[in-house]
Structure formats: C-alpha cells, structure tokens
A.B. asks: 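Questions regarding the structure given below will be posed in turn.
In this chain, numbering begins with 1 at the start of the sequence shown.
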Amino acid sequence: MSRSHCARCLRPETHCLCRLIPQLDSRTRVLLLQHPSEVNHALNTARLAALGLTNAELIVGEVFEDLPGLLNQPGYQARLLFPGEGAQPLQAYTSVDRPMLLVVPDGTWRKARKLLHLNPLLAALPRVTLAEGAVSRYRLRKAPGPGALSTVEAIVQALQVLEAPTSFEPLLRPFEALIEGQIAAMGEEVFQRNHGGVGQ
C-alpha cells in the first residue's frame, strides 16, 4: 500500500517538510527549469527552493516552448547559472541596478546539459557562476567535483552574493532536515560505513 504524500512538498505525510519551508522575498527572480527525472527524486531540492522563495517559479520539462516569454520578464536581465566559457562571477552583478532573472537548470550535470542542448535559447544566455571552493552539505553522495552543490545550495549561495547582506540560509533548513531524515532511516552505522568522510 502506498503512503500518502503531502501535495505541497511531495514528501510522505509522516515526513512533511512544509513547517520548515520559509517564505523569503528576493529582488532576484529565480526560474528553475527541472528535468522530469528529478521530480520524484527523494531530495528534490529545486522544489524546496521554489516553495521557499516568493519570487521563484519551477517548471518541469525537457523542451520549454514558452521559453521566450519566460526569459523576457520586464525589468529583469536574464542570466543562466551554469559554468561555461565566458561565465561571469556573480560578484560582477552586485552593483547593477536592474534585478536579475536567475535561470537555474535542475538535474544531474548530464541532464542539465541536455536541457541546454534541447533549448538553444537557454544555452545562448549569458552565464554566471558561483565562487569556487564551496562545500556541499549534501552528505549522502560524493560530489562529482569540487564546488558541486545541490540546486537549493547553489541558489542560496547566489542570492547571498546578489542580495547581501540579506541571509537566505533559512532556505536550507528543510534540505538539512531531509538529509538528517535519510541518515536516520539508514541508521548511523550504515551511514558511517557508506558515507563517512563524504564532503570532508
């Protein structure tokens, strides 16, 4: 028999995270484009970010037909949060008058690249990147490389730069509770054996 799930955070009702999800305002608009394979992922951190930010939108798909309209938001300058040639550090935008529309592809690196390949308009956006050396709090898997963050961590770090001194740390509360819950479910001994030292 399947467990009933919360319609908002999509977690099993016994592990609903809604009470931990903040409602944060931001000058920056966040557009999350999520690969369909991520929707039912146990750690759907893009959804947590979209629920916690009042100026955010989450769209699921592979090809986004209405992308021109989504990217041309009056008053915003669209930038893609993704590494690549010519990508500018976010610090370069802290003194810019016009707020940013931060476009964030959500999926594995391979799936995120596929989203860019299938949506040339997305791939053509000017790119921005986070500062190097960030350490993920995602202790349940080994990061593919230094500075690899979950989607919600990347968004928090980006907003902390763009909107300093405002803190967006509360967005990480449900994410950390999710990780703690998964560690508790597997047991401390299994966690230490399989993941001890990950992210250290």
A.B. asks: Is Val161 linked to Val152 within one hydrophobic cluster, defined over Ile, Leu, Val, Met, Phe, Trp and Tyr using a side-chain heavy-atom separation of less than 4.5 Å?
C.D. replies: yes
A.B. asks: Give the cluster check for Leu122 versus Ile59: same hydrophobic cluster or not, with ILVMFWY residues linked at side-chain heavy-atom distances below 4.5 Å.
C.D. replies: yes
A.B. asks: Could you state the interatomic distance from CE (Met100) to CG (Leu31), rounded to the nearest 0.5 Å?
C.D. replies: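 It comes to 13.5 Å.
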A.B. asks: Roughly how far, to the nearest 0.5 Å, is CG of Leu116 from NZ of Lys111?
C.D. replies: 14.5 Å
A.B. asks: With hydrophobic residues grouped by side-chain heavy-atom distances under 4.5 Å, do Val63 and Val60 end up in a single group?
C.D. replies: no
A.B. asks: Got a sec: does the CG of Asn40 have more than 12 other heavy atoms crowding it under 6.0 Å?
C.D. replies: no
A.B. asks: What's the separation between atom CG in Leu178 and atom CG in Leu172, rounded to the nearest 0.5 Å?
C.D. replies: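 Result: 12.0 Å between the selected atoms.
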A.B. asks: Leu121 and Phe64: side-chain contact (heavy atoms from CB on, under 4.5 Å), yes or no, with the steps?
C.D. replies: CA-CA 10 Å; Leu121 201 57; Phe64 303 96; over 6 Å; no
A.B. asks: If you look only at distance, which donor and acceptor atoms sit under 3.5 Å apart when one is on a side chain in residues 67-82 and the other is two or more places apart or in another chain?
C.D. replies:
from: Asn72; atom 1: ND2; to: Pro68; atom 2: O; distance (Å): 2.8
from: Gln73; atom 1: NE2; to: Leu70; atom 2: O; distance (Å): 3.1
from: Tyr76; atom 1: OH; to: Asn55; atom 2: ND2; distance (Å): 3.2
from: Gln77; atom 1: OE1; to: Arg79; atom 2: NH2; distance (Å): 3.2
from: Gln77; atom 1: NE2; to: Arg98; atom 2: O; distance (Å): 3.2
from: Arg79; atom 1: NE; to: Tyr93; atom 2: OH; distance (Å): 2.9

A.B. asks: With a 4.5 Å heavy-atom cut-off, do Leu102 and Val128 have their side chains touching?
C.D. replies: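 In contact.
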A.B. asks: Indicate whether the side chain of Glu163 and that of Thr28 have a donor and an acceptor atom separated by less than 3.5 Å.
C.D. replies: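 The answer is yes; a qualifying pair exists.
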A.B. asks: Between Glu85 and Arg127, is the salt bridge (Lys or Arg N to Asp or Glu O under 4.0 Å) condition met? List the steps.
C.D. replies: CA-CA 8 Å; Glu85 198 175 330; Arg127 297 187 187 193; over 6 Å; no
A.B. asks: Set out, in order, the CA-CA distance, both residues' side-chain angles and the distance that settles side-chain contact (heavy atoms from CB on, under 4.5 Å) for Leu33 and Asn119, then state yes or no.
C.D. replies: CA-CA 11 Å; Leu33 301 176; Asn119 299 275; over 6 Å; no
A.B. asks: The criterion is side-chain hydrogen bond (donor to acceptor under 3.5 Å, both in side chains); which residues satisfy it with Gln160, sequence neighbours excluded?
C.D. replies: none
A.B. asks: Taking all atoms of both residues into account, what is the closest heavy-atom pair of Pro174 and Leu171, and its distance?
C.D. replies: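 Distance-wise, the nearest heavy atoms are CD-O, 3.5 Å.
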A.B. asks: Out of curiosity, Phe168 CZ to Ile155 CD1, how far, rounded to the nearest 0.5 Å?
C.D. replies: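 Spacing of CZ (Phe168) from CD1 (Ile155) equals 11.0 Å.
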A.B. asks: Would you name the heavy atoms of Pro12 and His5 that are closest together and state the gap between them?
C.D. replies: N-CD2, 3.5 Å
A.B. asks: Hey, quick one: are Leu20 and Leu58 part of the same hydrophobic cluster, counting side-chain heavy atoms closer than 4.5 Å, chains of contacts allowed?
C.D. replies: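 Both belong to a single hydrophobic cluster.
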A.B. asks: If you take all heavy atoms of Leu32 and Ala49, which pair is closest and at what distance?
C.D. replies: CD1-CB, 4.5 Å
A.B. asks: Just so I know, are the side chains of Asn44 and Gln34 near enough to count as touching, which here means a heavy-atom distance under 4.5 Å?
C.D. replies: yes
A.B. asks: Are Phe175 and Leu10 linked, directly or through other ILVMFWY residues, by side chains that come within less than 4.5 angstrom of each other?
C.D. replies: no
A.B. asks: Which heavy atom in Ala56 sits nearest to a heavy atom in Arg29, and how many Å separate them?
C.D. replies: N-NH1, 3.9 Å
A.B. asks: Work out which heavy atom in Leu24 is nearest to a heavy atom in Pro170; give both atom names and the distance.
C.D. replies: CD1-CB, 4.4 Å
A.B. asks: Calculate, to the nearest 0.5 Å, the distance between atoms OG and CG belonging to Ser26 and Leu159 respectively.
C.D. replies: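 Atom-to-atom, Ser26:OG and Leu159:CG are 5.5 Å apart.
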A.B. asks: Work out which heavy atom in His117 is nearest to a heavy atom in Pro120; give both atom names and the distance.
C.D. replies: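 For His117 versus Pro120, the nearest heavy atoms are O-CD, 4.2 Å.
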A.B. asks: Does a donor on one side chain and an acceptor on the other come within less than 3.5 Å for Glu62 and His35?
C.D. replies: yes
A.B. asks: Quick check for you: to the nearest 0.5 Å, what is the distance between His15 atom NE2 and Cys9 atom SG?
C.D. replies: 11.0 Å
A.B. asks: Using a strict threshold of under 4.0 Å (side-chain N to carboxylate O), is an ion pair present between Glu38 and Arg47?
C.D. replies: no
